[in-house]
Each structure stands twice: as C-alpha cells, then as structure tokens.
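Before we start, here is the structure in question, set down as structure tokens.
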There are 2 protein chains.
Amino acid sequence: MTEPAKKYSKKEEIMWIAADIFRQNGYHNTSISDLAKACGLHNAHFYYYFKDKENLLEESLGYLTNYFDKKVFQIAFQEGLSAKEKGILMLETTKKVFLHNQGGCIMANITLETAQYNTRFIPVIQNFFNKWTEALKHIYQEKYQPQKAQEKAEQAIQDIEGGILLMRLYRNDKYFLNALQRASEVLN
Amino acid sequence: MTEPAKKYSKKEEIMWIAADIFRQNGYHNTSISDLAKACGLHNAHFYYYFKDKENLLEESLGYLTNYFDKKVFQIAFQEGLSAKEKGILMLETTKKVFLHNQGGCIMANITLETAQYNTRFIPVIQNFFNKWTEALKHIYQEKYQPQKAQEKAEQAIQDIEGGILLMRLYRNDKYFLNALQRASEVLN
DNA sequence: GTCTATATGCGGATAGAC
DNA sequence: GTCTATCCGCATATAGAC
C-alpha cells in the first residue's frame, strides 16, 4: 500500500491513488475532481484512460486484488515454510496492509456502500475474498480437514473485517489486532 | 424492523423509513427526493422536521439504537432466564432484525462510508455498539470472567458484522448464520 | 496525449404563499 | 403544517483545439 516505484504505467499509478481516495472517502463522496487533484491530472483526462467512474473503480479493485494476491495471499503457497510460519508471515503482512494510511479495507467499504443496488463491483470483490479464503484455508489444512479449514478461514476473515470496522469506529487498533491474533492461534 | 404500528409520531415514521433507505442505498447515494418519495412527502417538508440531511440520519440512528436496545439488547438483562436461554433468544432476535428487507446493518454501512472524514455519526454509532457489547458481555459473564466475557462479546460482534458483509457480497446467509451459531456456542 | 471550455442534470437547501 | 417555486453549486461527462 505504499506508492509503487516507477516502472509502473501511468494508468496503474492512477488506479493506485484512486483506490486510496475511494477507500477513505467512499465511492459516491469521491468526485472526479478529488481524484484529479490527488493524481495531478485534469478532470477530463480520466476519460482518456477509463470509460467512466464506475469503470475506474472496477479496474482499480482488480488491480488491487492482483497486488494483494502477489504480496499477501501467495505467502500461503510458499515452499519451505511451516504452516505456522506461513500463517504468521501472512497475517503480519495483512496487518501492515490494512493499517496503512489510517486503515480500512476498500473491498468491504465498497461492498457495503453499493452492493444492494449495483452489481458491477461484486465479481471483482468476490474474487478478492475467494483468493483470501483459499490462502487461509490452505494454511489451516495442515492442521484441519478441508471442510473445517474452510470454516476456520471464513471465521477468521469475518473476525478481521469486523475488527477493521470497530477499529475505524473507535479509532483503536485493538479489535483488528485481536482478530489477527485469534486467526494465528488457530494453528496452535 | 417491520413498519411501526400507529401511535408513533410522523417524525418517528420518517426516521424509520429513512433509516431503511439509507441502509440499502448508502448515505451519499440517497437523495432527499428518494426519501420524500418513500415517505410520501414533499422534498421541502423534511426541513420542517430536520435541520439538514446529516441531522436526519443522525436522529434516525439514535432512534434505531433505542429500538435495538428495547427489542434486542434488553433481553440480556431479563429476569428468570438462564444465560443459555437469554443468549439464544437474543441471537434469534438479532437474526430476524439483520435479515429483514434484504439484510444489512446500517451502523456498519454508515461507519465504513463516512467515518474517515465525518465524525458526526460516530458517537451515536459507538453508543449502539457499546450497548450491544454490554448485553453480550452480561450474558457471557455467567460463564466467563468479566475480562474474558468482554473479549468474547467483541469477537462475536466482529464475527457477526463480518458475516453480514460476506452475506451481502455472496448473497448467501450462511456466513451470518454461522457467526450467530458460534456466538451461541460460547455458552456451551 | 493533454488541456480548455462547457453541456446538462441533479444535489441540498431556502423563501414564502396558503 | 404543507406545498410551489426556485436558487445555487457541483456532479459526471463530452467536444474539440492543440
């Protein structure tokens, strides 16, 4: 979640910054002008890269899912580490990512803000949570049967997302950190 | 969460309906016109009851917290029931309330949509979660020490709120229902 | 690829008649 | 208390010059 070093395309840089603004201010409360200011672009120039505002967010969410997959979820499938080590490493990375820049999870935010009347973002966000669940499940499977590992993974993700909610509401990390702790204790 | 029978004031009826629209469509994506249509009022008439849109939501959230407290959270403090009975009754009521009308929790939605840049709704939503936590903690205390009961209550609420998120994302109740199940198993 | 100008509509909110 | 009319600003998006 820190700014990408160069070698990234202009479009990728825009998606990166846009995702951060959307996460903090919400979809409907973020204007093209807000994004333009943050990106150092003129309003109209967004429509050169993206068809419209929805498409911009949609592509940003996909880009971010890719980032999470490479930087976080893939840890679960690394060779040469024990389940406990992979769990701790992945949850430690999860912690850094969700605490970045005042914290929060754009996937959860967008889901709760729009899911009821707009299905456009649903598939890409489902893809994010599918990958996350698969990763945790894979780790938990070294200790539990597949069905049980799946349940534990879902429970951990729910606990973490609920923790992020309370963290933002009470401006206190503990709820989120406790959830991470519990997710790693599953492997004890 | 079903419509209130009459004997409620016009203002209460408005808050009730408005909360439902806000929950489904989000704060910024709900216009005064949307609310007016749903309430059978003219746009301008809202400003007779409420100072502005923010005040309308703020009062609605307070009204709803009151409703939850009376109908759900107070179950924890009823006389003549065992902890297990109170837990099951309270969680069963929780289930009905959050599954109503396509489901979702307006407190979580508004927090994630606005908490980063608008502190106005924070106190009333904190009050909601405080009351919920106190209620669950009180039930769990018949089996756990206060500190442990507090942790279990927070964990249950996080699990439930994360479950509501996944329920809405995947259009599948199971995540939410599993969380309720786990919250009641704490008492086994 | 980048910028200026602008179309067009809807948002929240108010004034004031009845 | 209720309704009509309306102000004003900002939103998304496009046209088109350079």
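Naming convention: chains lettered A, B, ... in sequence-line order (proteins, then strands); numbering from 1 in each chain. Reckoned from all heavy atoms, side chains included, excluding hydrogens, waters and symmetry mates.
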Validation: residues 151-169 of chain A side-chain donor-acceptor distances under 3.5 Å, sequence neighbours left out:
| unit_1 | atom_1 | unit_2 | atom_2 | d |
| --- | --- | --- | --- | --- |
| A:Glu151 | OE2 | A:Gln147 | NE2 | 3.2 |
| A:Glu154 | OE2 | A:Gln150 | NE2 | 2.7 |
| A:Gln158 | NE2 | B:Asp159 | O | 3.0 |
| A:Gln158 | NE2 | B:Asp159 | OD1 | 2.8 |
| A:Gln158 | NE2 | B:Tyr175 | O | 3.3 |
| A:Asp159 | OD1 | A:Arg182 | NH2 | 3.0 |
| A:Asp159 | OD1 | B:Gln158 | NE2 | 2.8 |
| A:Asp159 | OD2 | A:Arg182 | NE | 2.7 |
| A:Asp159 | OD2 | A:Arg182 | NH2 | 3.4 |
| A:Arg168 | NE | B:Gln116 | OE1 | 3.4 |
| A:Arg168 | NH2 | B:Gln116 | OE1 | 2.9 |

> Reading DNA chain D 5' to 3', which nucleotide is the first, and which the last, to come under 4.0 Å of any heavy atom in chain B?
Replying inline: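 Footprint of chain B along DNA chain D, 5' to 3': D:dG1 to D:dT4.
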>> Quick one, B:Glu92 with B:Lys95, criterion salt bridge (Lys or Arg N to Asp or Glu O under 4.0 Å). Give me CA distance, side-chain angles, the key distance, then yes/no.
In response: CA-CA 5 Å; B:Glu92 199 58 37; B:Lys95 177 167 134 189; 3.4 Å; yes
> How would you list, by chain and number, every residue that makes a side chain to side chain contact (heavy atoms under 4.5 Å, CB included) with A:Ala19, sequence neighbours excluded?
Replying inline: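 By the side chain to side chain contact (heavy atoms under 4.5 Å, CB included) rule, A:Ala19 matches A:Ser60, A:Leu64, A:Ile106.
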> Among pairs that include at least one residue of residues 24-49 of chain A, which meet salt bridge (charged side-chain N to carboxylate O under 4.0 Å, His left out), considering only residues two or more places apart or in two chains?
Replying inline: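 Every pair satisfying salt bridge (charged side-chain N to carboxylate O under 4.0 Å, His left out) with a residue in residues 24-49 of chain A: there are none.
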> What residues form a ring pair (Phe, Tyr, Trp, His ring centres under 6.0 Å) with B:Phe22, not counting sequence neighbours?
Replying inline: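 Counting only residues at least two positions away or on another chain, B:Phe22 forms a ring pair (Phe, Tyr, Trp, His ring centres under 6.0 Å) with B:Tyr27.
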> Which salt bridge (charged side-chain N to carboxylate O under 4.0 Å, His left out) pairs, counting each pair once, include a residue from residues 75-86 of chain A, with sequence neighbours left out?
Replying inline: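 As it turns out, the salt bridge (charged side-chain N to carboxylate O under 4.0 Å, His left out) pairs with a partner in residues 75-86 of chain A, which skip direct neighbours, are A:Lys86-A:Glu142.
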Can you give each donor-acceptor pair under 3.5 Å made by side-chain atoms of residues 39-48 of chain B, sequence neighbours left out, with the distance rounded to 0.1 Å?
| unit_1 | atom_1 | unit_2 | atom_2 | d |
| --- | --- | --- | --- | --- |
| B:Asn43 | ND2 | B:Ser33 | OG | 3.0 |

> What residues in residues 47-60 of chain B put a non-hydrogen atom under 4.0 Å from any atom of DNA chain C?
Replying inline: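 DNA chain C contact set from residues 47-60 of chain B: B:Tyr47, B:Asp52, B:Lys53.
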> Heavy atom of residues 32-44 of chain B under 4.0 Å from DNA chain D: which residues?
Replying inline: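 Contacting residues: B:His42, B:Ala44.
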>> Tell me every residue that passes side-chain hydrogen bond (donor to acceptor under 3.5 Å, both in side chains) with A:Lys51, counting only those two or more places apart in sequence or in another chain.
In response: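 Residues passing side-chain hydrogen bond (donor to acceptor under 3.5 Å, both in side chains) with A:Lys51: none at all.
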>> Run the side-chain hydrogen bond (donor to acceptor under 3.5 Å, both in side chains) test against A:Asn178 and tell me which residues pass, sequence neighbours left out.
In response: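 A:Asn178 satisfies side-chain hydrogen bond (donor to acceptor under 3.5 Å, both in side chains) with no residue once adjacent residues are dropped.
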>> My understanding is that only residues two or more places apart in sequence, or in another chain, count here; which of them pass salt bridge (Lys or Arg N to Asp or Glu O under 4.0 Å) with A:Asp52?
In response: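 Scan of A:Asp52 (salt bridge (Lys or Arg N to Asp or Glu O under 4.0 Å), adjacent residues dropped) gives A:Arg120.
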